[in-house]
Every structure is written in structure tokens, then in C-alpha cells.
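A short worksheet on the structure shown next.
Note that ligands are numbered from 1 as they come in the structure, with each ligand's atoms numbered from 1 the same way. Count residues from 1 along the sequence.
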Amino acid sequence: MKKSNNKKLLAWVAEIEALCKPEAVYWCDGSQQEYQKMLKIAETAGSATKLDESKRPNSYLFRSDPSDVARVEDRTYIATTKQEDAGPTNNWIDPGELKKTMRGLYDRCMRGRTLYVIPFSMGPIGSLISKIGIEITDSPYVVANMHIMTRVGEKVLETLGADGEYIPCLHSVGAPLDPGQKDAAWPCAPIEKKYISHFTEENLIWSYGSGYGGNALLGKKCLALRIASVMAKREGWMAEHMLILRLINPEGRRFHIAAAFPSACGKTNLAMLIPSIPGWKAECIGDDIAWMKIGPDGSLRAINPESGFFGVAPGTSYASNPHAMESIKSNSIFTNCVLTDDKDIWWEGMDTEILHGIDWKGRDWTPASGEKGAHPNARFTSPASQCPVICPDWEDPQGVPIDIFIFGGRRTSVVPLVTESFDWDHGVYMGATAASEPTAAALDVKAKLRRDPFAMLPFCAYNMGDYWQHWFDMGDKLGDQAPKIYYVNWFRKSPEGKWLWPGFRDNSRALKWMCDRLEGKAQAQDTPIGRVPNPEDLYLENLEVDTQDIKTLLSVDHAAWTEELPEIETFLAKFGAKTPARLKAQFEKQKQRLTAKINISSSLK
Ligand code: GTP
Ligand code: SPV
Ligand code: MN
């Protein structure tokens, strides 16, 4: 394709070519033919299996190396001049030192491979909220996935023009090929050579050694969250790990909801919700990332910077998420799923069982194998446009006005089904102290319970204390147009280990309560931790849940909450002088409320 006339870009590509010494350089045009070509290359190399065309048209299965199956938080770095700017939640290295180490790794690392230049837009091309990135990679798998997850092609280069700005994203699988050397099915570097690096002061991403997900598809976590979080702070907007959905009540009123849950805690599922309440409708705008700016009317406008879903496969089924199942019917890439005997894909928790297949490690598999057939972080990559409930306005360059923010996580105990914050500051406290039990999305996380503020712990690329202050500042700017803030927990379990809440479609019951609260139509009870619905305030028709379980789900255990206070205090203190005074004030208030055990009767506020 026609090369760019952007001098900076041409110079950068030339510099990387000279450093990495690829066999060839290829500029991506984002076309269908190019997509097919990438998958053909992968198939010929033995990395991809084409699925049965009649069962799953235009779709492929990849198996990754067993050492390269998820994001690697221990190998993810934020390089800033001052360590304090990265803060205590990030792995920091001096930028000069990191560049020296990585230049050593990049030196001739693309030998025997093609260097692909991928021009992409995060967000609709031309929207004032969108950003342009250029990823250089030596992985055809990355090119094909980027085609789905971002907007790739010539139009991006046109928009970039001769002197436009872009975010350079350099990626290599870190596995050079000597002449005659046979390639691995999934080339990558050993763990100690993997680096996912962010030079936030110069909006630069360098990733080396991994071909998987957020480590390699650099538009996603690296650009749209880590680099963007820093840009957003600088420029006064927000880049968040949030799904975006539109909920329409029976009267036709639209509510736009943005929800932040940690990885593998239910964003994709909630984003594609089918409400179980008659007359309510939901539409999906995004399932993982929201970019939000205050619009000319003073409302907070959100866009989904991505154009596809990179979703957790296991557990996805027609029973749990029919819209995801419809989205992945064709034109999709599957990674680390089971290959069935009739050349389709399968994973644990799908609607049907299988008797035999090839597991994610490429071995014969039967239900008796004693191991899971699909990796717990197996994923599908599918175009967002294929979602049956994609919102007609999902690509609106103006974005949608957010009414409600939701935070949450996976808590088998303590945290109620749904809680409303008393006000913005209290909502920021809820977000800042959010916690979750770990999942397979990052296997190097060992803690039983970890504080994951705003679900951004692995993604906020600057001092978390400054990030909290940014939330307060945004609230001040938004004033009475600030979204209302809620906290949810779909994951409460009984002592016997059974889910107390059916989740999925029935999560719409908690959302309905929020929307009704906004309209002043629903009651709540004040508790020390926020406003919680009484059982009668929730719509519970046609729900097969024990009355006692509902009570448990909505109860606030003062002792258990009080027990967590010292650990929260220690966590907030980790950020020293960076912890905003307003956040500390919220902690004190929560502590006082718990001590006083106030329990004001129902109030309509
Ligand atoms: P990332 O893509 O990693 O950011 O994850 P995500 O937040 O989009 O999570 P996703 O929706 O893919 O859900 C992850 C897992 O949680 C899947 O196994 C789901 O089946 C499960 N899950 C989602 N919603 C619910 C729910 O309401 N209840 C229960 N029990 N499980 C749920
Ligand atoms: C997550 O871990 O939050 C994901 C998957 O969405 S990845 O893109 O690999 O980061
Ligand atoms: Mn995610």
C-alpha cells in the first residue's frame, strides 16, 4: 500500500527496521484481503487452524505457547524520570536504563520475519476523542487481531497527514529466526525476557517477548488505558477500564451506564445484557474500555475506543451470554480453546458437552482427561458490529452521556449486591477501595484479595494518588451533571460455596433499581457503607432465589466491614502525601458511621 508522507513516522519505521533487521517491511492497509493473507501465513506456519467453514465461517483457532497465556503484570513497566510519578502500584524502571536493556533485546530480533506497520485509530476515525496509534509488530496474529479490535488502514494515514501526532507502539515476539530455522507454532521469549514497557512522558510503548492479548495488541491496555490514563490526566479527560451500555426503560428513557470491574469479573457479560425485566431493553456500546470527555453541554461523553471484543471464552454460553455467542458465530479468532472433532471450538461452560477434542496444548482431550480442555484465559476476538444488540450510536463521534458509574469486583463474602454512594466523594472512596479476588486474566497475581482501585490497578500508569485526585477534580468540573455512583457484587457465595445471586440477566434488577433511584422512584436504606435497597425495593418477580438469600445479599455486616478498615487504611497510606485529603476524609467518615452503626430508616433521596 501507499506509504505515509508523515516524516516522523517514516523516520521511526526506518529506525526500527535498522534496529530489528526484519527480512521485509509491510505496511498494512486494513483490507479483507490482508486479513486473509495474515491468517493464511499463520495457517501455513502451523500456528492457526481454520475452523469448519459451514460451522464457523472465516474463523481460526490459535494455540499459544503454555508460557504465554495472559497479561504478565510482573513484567509490565512504567518508565518515568521520577519514580514517584509511577507510584507504588507500578513496576518502575529508569527510562534510560530500560531503553538500554530493551534495545539490546530488539537488536536484530526480527531476523527472518516480516515487520508489519499497522496504522490504527482508537475510536471512530476523526472523532475529537479518538487517537491514532502505529503498531510495529513481527506477528501476523497481532495484525489480524488488530484488524478486529481497532480501525486499521489507509484512512488512518490520511487523517494523520504529513505532520499529525500518533502514539508509537513497538512490538516483537522476541524470537528471531536463523536461516533455515523452523519457526515455533507460537513464537515468544522466555518470561525473564518479556517486557511490556510504557514511556509515559513521551507516549511511547515498547513490548517484547509475548504474543498474547494485552501484551501484544498494543492499542488495548497499553495505549487505550496506560498511555491514555496519563494523557487524560494531563488533558482533563478520563480513560477507564469500563464497559458502556445503554439501558432503556419501558417509558423509553435512556440511561447510559459505565461500569468498571477488574479483568474477568463480568464486563463483557454486563455489556451484552438481556434484561430479565419485562419492558426493559439494553444495547451494548463497549465491553472493556471507555474514553470520556466533558461535552459542550457539560455532560460526560463516552466512546468505546475499540472496535471488537477480546472476551473470556470459558463460561460463555447461550445460557449465560447469548449475544456473545451470536457475536462469535463468524469472522472470529479463537485462542487457547478446544478444537472439536468436527473442526469447531469448545470450552468449559459452553451449552453442550463434548466427548473428544484437542485441548489448548494440542493434545487429545476427553472429559476424563482430568485437566481443563480450554485455558481459563482462553479468548475470542470478534467484531463489535456482529453483536446483535450493538447500540446504533456506538460509533457516534460525540459519544453517549453517562448517567451512572458502577464499580465492583469478585467478593464471595462481605460486599452486598448493590450499594449507592451518598455523593460523588463517597463514590470515589468506593472506587478507590474496590477489591477483588484474583482471576486467570493475570496468572502472576497471587493475593487472596487485592485492592484494585477503579479496576485500574494494572492499568493506571501514573501515581494512583494523583489518579484519585483526578477523579475528585472531574467531579468538581461536572458538578450536578456528574454521574451517580454505585457499587455491585454479583459473586457472593453461601458457606457451602454456591452462588447466592443468579447473576447475568438478573443483574438487570440491580440496574433497574439504580435507574429508578435516578428518577426518584425507588427507596433505599441508609447504612454505614452507603444506601442499600430493602428486599421490597428490588424488582424480584420471577426470580428463584430464597428470601433468606436475598436478605443476606442486601445485608451489611458491620463487624466484617469494620475488620477491613485497618487494611484499607494501610492501603491508602501507601501513597503518602499523594493520597487526597478528600479520600482520607471519606475513610474517616466511613469509620465513624461504622462505629456509630447508624441505621437510619428508609429514605427517598
Ligand atoms: P476482561 O475481558 O478480562 O476485562 O473480563 P470481563 O470483565 O469482561 O469479564 P467477563 O464478562 O468476560 O466475565 C468473566 C467471567 O465471569 C466469565 O467466566 C463469566 O461467566 C463470569 N461472570 C460474568 N458475569 C457473571 C455473573 O453475573 N455472575 C457470575 N456468577 N459469574 C459471572
Ligand atoms: C483484561 O485482562 O482486562 C483483558 C484481557 O481485557 S487483555 O487484553 O489481555 O488485557
Ligand atoms: Mn479488560
Side-chain angles (χ1 to χ4, degrees), residues 64 68-73 76 142 145-146 149-150 196 207 210-226 240-245 259-273 276 284 286-290 306 308-317 319-321 323-325 327-328 335-336 347-350 372 374-381 406 408-412 417-418 436-445 452 455-459 488-493 497-511 553:
S64 81
D68 197 28
V69 292
R71 281 185 299 104
V72 279
E73 294 188 5
T76 300
V142 167
N145 275 273
M146 287 293 282
M149 296 305 295
T150 73
I196 321 298
S207 165
S210 166
Y212 202 89
N215 301 334
L217 314 176
L218 301 186
K220 198 173 177 55
K221 303 298 161 139
C222 297
L223 192 163
L225 286 177
R226 298 201 189 92
E240 300 295 334
H241 192 199
M242 289 177 169
L243 68 94
I244 312 167
L245 77 89
F261 308 148
S263 303
C265 290
K267 287 184 299 302
T268 301
N269 277 272
L270 192 63
M272 299 179 188
L273 175 78
S276 55
C284 171
D287 82 324
D288 199 49
I289 301 177
E306 303 188 279
F309 308 123
F310 184 62
V312 178
T316 305
S317 67
S320 63
N321 191 349
H323 290 150
M325 295 301 283
S327 307
I328 63 175
T335 310
N336 289 343
W347 47 71
E348 279 74 17
M350 228 190 216
K372 295 224 156 108
H375 186 276
N377 193 43
R379 299 235 170 200
F380 54 79
T381 321
I406 306 179
R410 209 174 263 272
R411 291 297 303 267
T412 47
L417 180 70
V418 53
S436 195
E437 287 145 27
T439 64
L443 292 164
D444 51 357
V445 175
D452 187 348
M456 283 289 278
L457 184 72
F459 309 119
V488 301
N489 177 25
W490 316 138
F491 299 95
R492 195 85 178 248
K493 280 186 176 172
K498 135 182 153 345
W499 300 117
L500 288 182
W501 180 249
F504 303 101
R505 295 190 63 173
D506 290 313
N507 294 336
S508 58
R509 298 171 193 265
L511 302 193
L553 284 160

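At least one heavy atom of Pro262 lies less than 4.0 angstrom from ligand 1. For the pair Ser320 and ligand 1, no heavy-atom separation below 4.0 Å is found. Distances from ligand 2 to the non-hydrogen atoms of Lys267 include no value under 4.0 Å.
Here Leu270 has no heavy atoms under 4.0 Å from ligand 1, in either its backbone or its side chain. Contacts between Trp499 and ligand 1 below 4.0 angstrom, taking non-hydrogen atoms only, involve the side chain exclusively. Here Arg71 has no heavy atoms under 4.0 Å from ligand 1, in either its backbone or its side chain. Both the backbone and the side chain of Ser263 come within 4.0 Å of ligand 1, judged by heavy-atom distances. Contacts between Arg379 and ligand 1, counted as non-hydrogen atom pairs separated by less than 4.0 Å, involve the side chain only. For Pro314, every heavy-atom contact with ligand 1 shorter than 4.0 Å involves the backbone, none the side chain. Under 4.0 angstrom from ligand 1, there are no non-hydrogen atoms of Trp501. Contact annotation: for Leu243 versus ligand 1, there are no heavy atoms closer than 4.0 Å.
The heavy atom nearest to atom 6 (P) of ligand 1, out of those in Lys267, Lys493, Met272, is found in Lys267. Across the listed options Phe504, Trp490, Trp347, Phe504 owns the non-hydrogen atom lying nearest to atom 32 (C) of ligand 1.
Shown in contact with His241 at under 4.0 Å from a heavy atom are these atoms of ligand 2, numbered in order with element: 3 (O).
Near the Mn ion (ligand 3), less than 2.8 Å away, sit the protein N, O or S atoms Lys221 NZ, His241 NE2, Asp288 OD1.
Under the ring-ring contact (aromatic ring centres under 6.0 Å, His included) criterion, Phe459 pairs with His241, sequence neighbours left out.
Geometrically, ligand 2 and Lys221 share a nitrogen or oxygen pair separated by less than 3.5 Å.
The shortest heavy-atom contact between Pro262 and Gly408 is CD-O, 3.2 Å.
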